[in-house]
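The block underneath contains the structure these notes are about, expressed in structure tokens.
Computed from heavy atoms alone, side chains included, the values below leave out hydrogens, waters and symmetry copies.
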Amino acid sequence: MEFTFSAEQRQIRDTVASFVDEEVVPRAAEIDATDEFPADLVSEMADLGLMGMPFPVEYGGAGLDYHSYVLGLAEIARGSGGLGTVVAAHTSLAGTTIYEFGDGPQKEKYLTSLAAGDDIGAFALSEAESGSDVSSMSTTAERDGDGYVVNGGKLWISNGSVADTVVLFAKTDPDAGRDGISAFVVRPDADEGFVVEGTEEKLGDKGCPTAELRFDDMWLPERRLLGEEGEGFVQALQTLNGGRITIAARSVGIARAALDEATSYAKEREQFDRPIADFQAIQHKLADMDTKARAAELLMHEAADLKMRDESFVKEAAQAKLYASEIAREVANEGIQIHGGYGYTKDFPAERFYRDAKLSEIYEGTSEVLRNTIAQRLLDE
Ligand SMILES: Cc1cc2nc3c(=O)[nH]c(=O)nc-3n(C[C@H](O)[C@H](O)[C@H](O)COP(=O)(O)OP(=O)(O)OC[C@H]3O[C@@H](n4cnc5c(N)ncnc54)[C@H](O)[C@@H]3O)c2cc1C
């Protein structure tokens with residue numbers, strides 16, 4: 001068992017960290033305030049290969065192993081939680097579904113542009129009445145000659161209003177429950193009937209548009225079906241299992257940002273004629289924050305390791321995401337506490353870390369649903 005990164009993994013982490021410190025951190029407050037998709041930053045990230053980190057070079061990706069990918073993603077989220085979601089939804093969800101389940105021509109046509117960052121991807125699974133219970137979705141894709149007619153709507157779709165390629169889940173057999181769900185590639189610019197209803201106003205995760213989508217008699221040719229009809233539920237779950245490791249990474253990045261900020265503040269802020277870092281109460285908070293962040297990192301890398309070895313990682317990915325997202329919120333909360341009154345204001349980024357951290361406990365499997373998954377696996381073992 002090795003706990004050391006390779007020279008290449010360290011180099012990737014350091015390269016992304018430098019980019020984030022120079023380009024993302026100085027922009028993070030502005031992204032948070034305006035809630036605008038930072039297209040220029042995303043284009044710079046594409047030039048660095050950060051929009052296709054885990055995909056093979058032959059499909060326009062950077063060909064990185066999963067450890068390197070999560071290290072890179074954690075660094076991006078350290079700079080901006082919203083940007084972390086932009087990359088995670090684009091890569092771990094949209095790109096990965098096409099990579100894992102698309103045929104040769106589909107990968108050539110859609111994945112290559114996604115991995116190069118020329119196109120932005122979104123993954124449209126959730127609906128107003130169907131969140132944790134995926135099989136209750138009501139969007140339908142009805143057979144129509146050599147294609148399908150799609151009707152329905154999706155809610156809370158990250159990147160949904162800026163996406164060039166959307167992986168969409170719809171029922172091709174509404175009476176078959178989870179076995180009636182299929183996945184399709186949608187091209188919003190070309191597919192008539194694709195409507196962006198609007199975007200959500202959110203607590204945090206600013207800069208990543210969270211869109212409501214509607215499909216009005218949207219016709220899709222048969223060649224847009226990913227895999228076979230009825231395989232969508234399993235494809236979605238498998239994709240989300242891997243995605244959870246990257247939401248753990250997003251959480252680790254936010255926790256690190258909160259800890260770094262709190263540590264430097266504690267050294268500078270003086271009360272009772274001494275830096276507050278001299279007080280043991282503050283030292284213990286910092287010690288707990290660092291310990292939790294390190295434990296979350298280890299769970300994240302263990303899940304990444306299992307995935308890379310093609311071993312079962314469902315329980316470990318759920319545990320990594322569950323733990324990392326909960327400690328990110330706790331660490332960010334202590335970060336605010338260490339800042340005292342300033343922590344509750346927008347003068348410091350401590351409150352942004354808290355708002356950004358909270359989301360990780362909700363999407364790609366809520367903490368409650370992840371505990372169900374972990375318990376089921378434990379009881380089955
Ligand atoms: C900012 C943001 C971005 C998102 N991005 C995407 C995206 O890109 N693509 C996408 O498809 N979706 C996306 N989502 C949707 C997200 O995945 C869902 O919100 C999430 O799965 C929970 O579904 P729900 O909101 O309907 O909550 P519900 O499923 O209604 O759950 C409500 C509460 O009940 C609990 N609960 C539900 N079922 C159980 C159970 N069986 N056991 C115990 N407790 C349970 C939940 O844990 C939760 O506490 C996003 C959401 C947000 C907020």
Side-chain angles (χ1 to χ4, degrees), residues 1-17 49-57 59 61-78 84 87-93 95-97 99-101 115 234-256 290-328 331 360-361 363-365 367 369-371 373-378 380-381:
M1 187 178 276
E2 285 186 29
F3 284 95
T4 315
F5 294 124
S6 68
E8 193 195 354
Q9 288 163 342
R10 274 199 306 274
Q11 193 200 351
I12 285 152
R13 182 194 56 198
D14 295 346
T15 304
V16 183
L50 301 182
M51 296 305 282
M53 286 187 265
F55 302 121
V57 176
Y59 292 120
L64 301 185
D65 64 46
Y66 227 69
H67 289 297
S68 303
Y69 173 36
V70 293
L71 284 171
L73 189 51
E75 284 301 324
I76 292 166
R78 181 175 63 77
V87 178
H90 165 91
T91 311
S92 309
L93 300 185
T96 297
T97 316
Y99 176 57
E100 295 286 346
F101 307 108
V234 172
Q235 293 169 344
L237 250 57
Q238 278 188 25
T239 303
L240 287 167
N241 283 331
R244 282 169 190 162
I245 310 175
T246 53
I247 299 306
R250 176 184 182 273
S251 310
V252 162
I254 296 170
R256 281 272 157 231
D290 186 50
T291 305
K292 287 174 180 175
R294 283 177 55 77
E297 270 173 81
L298 289 173
L299 284 175
M300 169 184 89
H301 282 297
E302 192 210 6
D305 195 57
L306 290 169
K307 180 170 164 44
M308 279 166 55
R309 291 173 198 273
D310 270 339
E311 289 178 29
S312 168
F313 62 92
V314 174
K315 181 166 130 249
E316 290 76 7
Q319 288 174 317
K321 192 223 175 222
L322 171 66
Y323 184 74
S325 61
E326 293 192 346
I327 69 95
V331 168
S360 295
E361 294 179 286
Y363 62 1
E364 298 199 32
S367 293
V369 166
L370 294 182
R371 284 190 166 87
T373 304
I374 295 162
Q376 266 161 24
R377 295 266 154 175
L378 268 177
D380 289 349
E381 268 167 15

Please tell me if the side chains of [X] and [Y] come closer than 4.5 Å, counting only heavy atoms from C-beta onward.
X      : Y      : value
Glu381 : Leu378 : yes
Met300 : Lys321 : no
Thr97  : Glu100 : no
Phe313 : Asp305 : no
Leu71  : Val16  : no
Arg377 : Val314 : yes

Could you state the interatomic distance from [atom1] ([X]) to [atom2] ([Y]), rounded to the nearest 0.5 Å?
X      : Y      : atom1 : atom2 : value
Thr96  : Phe101 : OG1   : CZ    : 9.5 Å
Leu237 : Gln235 : CG    : CD    : 11.0 Å
Glu316 : Asn241 : CD    : CG    : 10.5 Å
Leu240 : Tyr363 : CG    : OH    : 12.0 Å
Thr246 : Ile76  : OG1   : CD1   : 11.0 Å

Residue pairs fulfilling salt bridge (Lys or Arg N to Asp or Glu O under 4.0 Å) with at least one residue in residues 239-256, sequence neighbours excluded: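 Those involving residues 239-256 are Asp205-Arg250, Arg256-Asp290, Arg256-Glu297.
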Residue pairs fulfilling salt bridge (Lys or Arg N to Asp or Glu O under 4.0 Å) with at least one residue in residues 4-15, sequence neighbours excluded: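 The answer is none; no pair qualifies.
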Leu322/Ile374 under side chain to side chain contact (heavy atoms under 4.5 Å, CB included): CA gap, chis, key distance, verdict: CA-CA 10 Å; Leu322 171 66; Ile374 295 162; 3.7 Å; yes
Using the test salt bridge (Lys or Arg N to Asp or Glu O under 4.0 Å), find all partners of [X] that sit at least two apart in sequence or belong to another chain.
X      : answer
Glu311 : none
Lys307 : none
Glu75  : Arg78

Verdict with reasoning, Lys315 to Thr373, per side chain to side chain contact (heavy atoms under 4.5 Å, CB included): CA-CA 7 Å; Lys315 181 166 130 249; Thr373 304; over 6 Å; no
Judged by atom type as modelled, is there a donor-acceptor pair below 3.5 Å linking the side chain of [X] to the main-chain atoms of [Y]?
X     : Y      : value
His67 : Ala304 : no
Ser6  : Gln9   : yes
Ser92 : Ala89  : no
Ser68 : Leu64  : no

Smallest separation among heavy atoms of [X] and [Y], with atom names:
X      : Y      : answer
Val331 : Ala255 : CG1-O, 3.6 Å
Val252 : Ala324 : CG2-CB, 4.4 Å
Ala249 : Leu73  : CB-CB, 4.2 Å
Thr91  : Pro54  : CG2-CD, 3.4 Å
Leu370 : Glu364 : CD2-O, 4.4 Å
Ile247 : Ala88  : CD1-CB, 4.2 Å

Plane angle bin for Tyr59 and Tyr99 - parallel if under 30°, tilted between 30 and 60°, otherwise perpendicular: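 Perpendicular, since the angle between the ring planes exceeds 60°.
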For Ser367, side chain to side chain donor-acceptor pair (under 3.5 Å) partners two or more places apart: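 Applying side chain to side chain donor-acceptor pair (under 3.5 Å) to Ser367 gives Glu326.
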His301: which of Phe5, Tyr66, Phe3 passes side chain to side chain contact (heavy atoms under 4.5 Å, CB included):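 Of the listed residues Phe5, Tyr66, Phe3, the side chain to side chain contact (heavy atoms under 4.5 Å, CB included) partner of His301 is Phe5.
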Ser251 side chain to Ser360 side chain, donor-acceptor N/O pair below 3.5 angstrom: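 The answer is yes; a qualifying pair exists.
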